[in-house]
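Keep in mind it's a predicted model, so treat the numbers as computed, not measured.
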2 protein chains.
Amino acid sequence: MRLSKRGEYGLRAMIVLADTPNPGGPYPVMQIKEIAQRENIPAKFLEQILLALKNAGLLQSKMGVGGGYYLARPPQEITLGHIERVLDGPLAPIRCVSQMAYEPCGCPDAETCGLRMVMGDVRNAIADILDHTTLADVTKRVHAVRAMKQKPE
Amino acid sequence: MRLSKRGEYGLRAMIVLADTPNPGGPYPVMQIKEIAQRENIPAKFLEQILLALKNAGLLQSKMGVGGGYYLARPPQEITLGHIERVLDGPLAPIRCVSQMAYEPCGCPDAETCGLRMVMGDVRNAIADILDHTTLADVTKRVHAVRAMKQKPE
DNA sequence: CCGAAAGTATACTAAATCTATAGGAATTAT
DNA sequence: ATAATTCCTATAGATTTAGTATACTTTCGG
């Protein structure tokens, strides 16, 4: 049940973008290199990932000198579930419980398949978290922990 | 976030073993072939999987004519989480939130890593389900659905 | 004791997938 | 024009997965 590097890197990148203060523009513009360095991600690999996120409408970009990537929408409107689906496909552990990419599995009777029932629960548990956690939520949480570390009550 | 075939097949096999009535012995003894046919699993592949589960102490076996596999413990004492960990390793989506196989990830500061916090939640959600669902629970649930199908209120 | 049935054990391979790199095309600021 | 940057595609390398092959051991019935 592992998250791919692709998913991990993409999520990290989006979180960084959401958490970077934006002096001028609407959202902070960051270059691939910049993000890659900050998060220890191979730059060329990240390039592909950000491109995919752009094509999915989650990022926008500016080419040329001084260009870079920035969020296509405010952080509170982008969920981790959306990002992860773009990068790795369905959240469901097995296809036969996927909402977005259902496929029958090999079991004799899907309706009375015990594994399917349990994995359905798992899928829902994962989706509940990732589809209800926005980039803004993550930022908020990170800041809370940082503040706690400074003044550790 | 997908479950491997190995995990899927192993879980299915254990569920079948738990749900098969046992006329004589303590637990039903089933042969690899039998399980494989019932669940559409390649027999030779299943062989390896059952062996792994045996070496992990979840199954026992009897060699020779009339032999086969049977549960090492009663179904209410075997959790899906245990099975899945034996077959696919840690439940955690990323290793830096794994209880059983922690490893640092590339992020600058683990303590204030937003992704890590969320994935920790995901890990816990998955583990809550799989570690608290026993083979007996699955059987019970399946029977409930089967009964409902017969007499659909 | 013999032979068939069944699990044990390991090695191997083919295919798929994942991760990462390469290199050139397009675009933009200066 | 040049340098910086994203865009795009191909592909190489590594790893994992899924499945097969083969030889061995144990057990039972006759």
Item to check | DNA chain C: 5'-proximal contact among R2(A) and N55(B) (nearest heavy atom) | outcome: N55(B)

Checklist entry - Are R38(A) and E34(A) close enough for a salt bridge, meaning some N to O gap below 4.0 Å? => result no

Item to check | Interatomic distance where CE belongs to M30(A) and P belongs to dT6(D) [whole Å] | outcome: 11 Å

Checklist outcome for this item: Rounded to whole Å, the CD-P distance (E34(A) to dA4(D)) equals 15 Å

Checklist outcome for this item: Atom CG of L87(B) and atom P of dA18(D) are separated, to the nearest Å, by 11 Å

Next on the checklist: Could you measure the distance from the OG1 atom of T112(A) to the CE atom of M148(B)? Nearest 0.5 Å is fine.
Outcome noted: 13.0 Å

Item to check | Nearest atoms (heavy-atom pairs only) where I94(B) meets E8(A) | outcome: CG2-OE1, 3.8 Å

Next on the checklist: Looking at D137(A) and T134(A), would you say the former's side chain and the latter's main chain have a donor-acceptor pair under 3.5 Å?
Outcome noted: yes

Next on the checklist: How close do T139(A) and D19(A) get, counting heavy atoms only, and between which atoms?
Outcome noted: CG2-OD1, 3.2 Å

Checklist entry - Where do I83(A) and L80(A) land on the side chain to side chain contact (heavy atoms under 4.5 Å, CB included) test, with the steps shown first? => result CA-CA 5 Å; I83(A) 299 168; L80(A) 301 194; 4.2 Å; yes

Checklist entry - Where the side chain of S4(A) is concerned, which of dT19(C), dG7(C), dT8(C) is the nearest nucleotide? => result dT19(C)

Next on the checklist: So, under a plain 3.5 Å distance rule, would you say the side chain of Q48(A) forms a donor-acceptor pair with the base of dT21(C)?
Outcome noted: yes

Checklist entry - Does a nitrogen or oxygen in the side chain of Y9(A) sit under 4.0 Å from OP1 or OP2 of dA20(C)? => result yes

Checklist outcome for this item: Separation of dT8(C) atom P from L53(B) atom CG, nearest Å, is 12 Å

Item to check | Gap between atoms CD1 and P, on I35(B) and dA6(C) respectively (whole Å) | outcome: 13 Å

Next on the checklist: Please give me every residue in residues 58-67 of chain A whose heavy atoms get under 4.0 Å of an atom in DNA chain C, ordered by residue number.
Outcome noted: K62(A), M63(A), G64(A), V65(A)

Checklist entry - Does K54(B) place a side-chain N or O at less than 4.0 Å from the phosphate oxygens OP1/OP2 of dT8(C)? => result yes

Checklist entry - Across the strands shown, which category fits K5(A) at heavy-atom distances under 4.0 angstrom: base, sugar-phosphate, nothing? => result sugar-phosphate

Next on the checklist: Can you measure L46(B) atom CG to dA18(D) atom C1' for me and round it to whole angstrom units?
Outcome noted: 13 Å

Checklist entry - Counting side-chain heavy atoms from C-beta on, which of dT19(C), dA9(C), dA22(C) comes nearest to K44(A)? => result dA22(C)

Item to check | Side-chain donor/acceptor of E47(A) to base of dC8(D), under 3.5 Å | outcome: yes

Checklist entry - Which whole-number value in Å describes the distance from F45(B) CZ to dA21(D) C1'? => result 15 Å

Checklist outcome for this item: Nearest heavy-atom contact between R123(B) and S98(B) is CD-CA, 4.4 Å

Next on the checklist: From C-beta outward on Y69(B), which listed nucleotide comes closest to its side chain: dA18(D), dT8(C), dT19(C)?
Outcome noted: dT8(C)

Item to check | Side chain of R6(B) (C-beta onward), nearest among dT19(C), dA20(C), dA18(D) | outcome: dA18(D)

Next on the checklist: Base, sugar-phosphate or nothing for L50(A)? Non-hydrogen atoms, less than 4.0 Å.
Outcome noted: nothing

Checklist entry - K33(A) has an atom NZ; how far is it from atom C1' of dA3(D), in whole Å? => result 11 Å

Item to check | Salt-bridge criterion met for D109(A) and R146(B) (N-O under 4.0 Å) | outcome: no

